[in-house]
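Report on the structure given below.
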Amino acid sequence: MLTRFKNPFTPSTTPSALLIIGKVGATIHVLYLLPENDTIERFSLITPTSTTTFRHGGATEQAREQIGAVTLHIADGETADSFPDDVEARIRKLRNDSLSSSPAQLQIGSVEVTQLVQNFLQPAALDAIHEREERARSIHATQTYPVFIVHIMRSRARMIPTEPTSFP
């Protein structure tokens with residue numbers, strides 16, 4: 001009988017997804033849900049104009065989908081961190097609601113990445129975008145940022161190191 005062993009020299013990969021606010025050639029803000037547990041990681045990176053895909057800390061972009069754009073009222077005190085703050089709060093609420101309504105249905109740590117995106121990341125981001133669209137337009141300075149869901153492969157299941165704070 002032939003037994004197959006995993007080649008220790010073949011790198012394994014683990015899928016995941018990020019929410020990225022911003023565009024290449026500027027500072028991007030990243031909200032990262034670890035599918036293995038309840039951790040939400042946030043960081044910012046300065047991206048060179050020559051970079052077209054996300055590559056950082058052992059994570060490599062596989063696919064990207066723009067889900068909208070968010071307009072922030074910068075002159076009214078809203079910062080680029082305000083939107084990820086809002087999305088993170090909405091994700092936590094969705095997770096808590098999901099756990100309380102059917103605890104057997106959702107096991108943090110066993111959620112597939114597709115479910116993570118469909119059930120938490122995308123609805124939370126779209127809800128935060130739509131809420132901002134309904135506000136009265138500020139007479140002060142505003143800044144509009146594209147919002148992306150980025151599917152990544154990681155070299156292993158873990159947080160993405162945030163040092164250094166730029167793309168390699």
Side-chain angles (χ1 to χ4, degrees), residues 11-74 78-95 97-98 105-135 142-162 165-168:
S12 64
T13 56
T14 306
S16 194
L18 310 169
L19 182 74
I20 293 182
I21 299 98
K23 57 186 172 189
V24 173
T27 299
I28 61 169
H29 304 276
V30 180
L31 191 139
Y32 170 43
L33 294 158
L34 277 75
E36 298 83 27
N37 57 39
D38 198 20
T39 303
I40 298 175
E41 181 183 17
R42 291 184 32 197
F43 54 93
S44 298
L45 298 171
I46 300 168
T47 60
T49 55
S50 61
T51 302
T52 58
T53 60
F54 182 88
R55 260 191 187 114
H56 184 72
T60 304
E61 179 176 331
Q62 301 299 302
R64 173 185 299 240
E65 174 190 4
Q66 184 170 351
I67 61 168
V70 62
T71 299
L72 303 177
H73 297 203
I74 304 299
E78 195 169 33
T79 67
D81 286 329
S82 302
F83 182 72
D85 286 344
D86 191 11
V87 173
E88 182 175 341
R90 291 167 193 265
I91 288 169
R92 291 194 187 285
K93 182 178 182 334
L94 286 170
R95 280 184 169 170
D97 291 350
S98 181
Q105 197 173 38
L106 176 68
Q107 299 288 323
I108 297 299
S110 64
V111 177
E112 291 185 22
V113 174
T114 303
Q115 288 178 303
L116 187 75
V117 170
Q118 291 175 350
N119 296 345
F120 304 108
L121 191 57
Q122 189 164 344
L126 289 173
D127 191 41
I129 290 169
H130 294 305
E131 182 180 281
R132 282 168 172 75
E133 288 173 345
E134 294 171 3
R135 293 188 301 193
T142 60
Q143 180 74 39
T144 301
Y145 298 91
V147 179
F148 301 93
I149 300 282
V150 177
H151 292 267
I152 61 170
M153 291 303 264
R154 302 170 290 155
S155 56
R156 62 182 176 210
R158 63 177 168 81
M159 295 175 74
I160 298 173
T162 58
T165 57
S166 64
F167 277 85

P123 and L94 have their tightest heavy-atom pair at CB-CD1, 4.2 Å
Partner set under side-chain hydrogen bond (donor to acceptor under 3.5 Å, both in side chains) for T79, not counting sequence neighbours: S82
Value for CD1 (I20) from OH (Y145), rounded to nearest 0.5 Å, stands at 15.0 Å
Could you tell me which residues satisfy side chain to side chain contact (heavy atoms under 4.5 Å, CB included) with E133, sequence neighbours excluded, listed by chain and number? I129, H130
Atom CG of L33 and atom CD1 of I40: how far apart are they, to the nearest 0.5 Å? 5.0 Å
With rounding to the nearest 0.5 Å, note down the distance linking CD in Q143 to OG1 in T71. 9.0 Å
Please round to the nearest 0.5 Å and tell me the distance separating atom CD of Q66 and atom CD1 of I149. 11.0 Å
Non-neighbouring partners of E78 that pass salt bridge (Lys or Arg N to Asp or Glu O under 4.0 Å), sequence neighbours left out: R132, R135
Sorted by chain and residue number, the side-chain hydrogen bond (donor to acceptor under 3.5 Å, both in side chains) partners of K23 (sequence neighbours excluded) come out as none
Residues in side-chain hydrogen bond (donor to acceptor under 3.5 Å, both in side chains) contact with D127, at least two apart in sequence or another chain: R90
Please give me the minimum heavy-atom distance between F148 and G22, naming the atom from each residue. CE1-O, 3.3 Å
Might you point out which heavy atoms bring T27 and S44 nearest each other, and give the distance in Å? CG2-CB, 4.0 Å
Apply side chain to side chain contact (heavy atoms under 4.5 Å, CB included) to residues D81 and R42 and explain how you reach the verdict. CA-CA 10 Å; D81 286 329; R42 291 184 32 197; 4.0 Å; yes
What pairs with T114 under side chain to side chain contact (heavy atoms under 4.5 Å, CB included), at least two apart in sequence or on another chain? Q118
With sequence neighbours left out, write down each residue that passes side-chain hydrogen bond (donor to acceptor under 3.5 Å, both in side chains) with H151, or none if nothing qualifies. none
Output every pair passing salt bridge (Lys or Arg N to Asp or Glu O under 4.0 Å) with a member in residues 143-152, not counting sequence neighbours, ordered by first then second residue. none
I need the minimum non-hydrogen distance between F83 and L19, along with the two atoms involved. CE2-CD2, 4.4 Å
Looking only at heavy atoms, the pair that brings A17 and I152 closest together is N-CG1, 4.2 Å
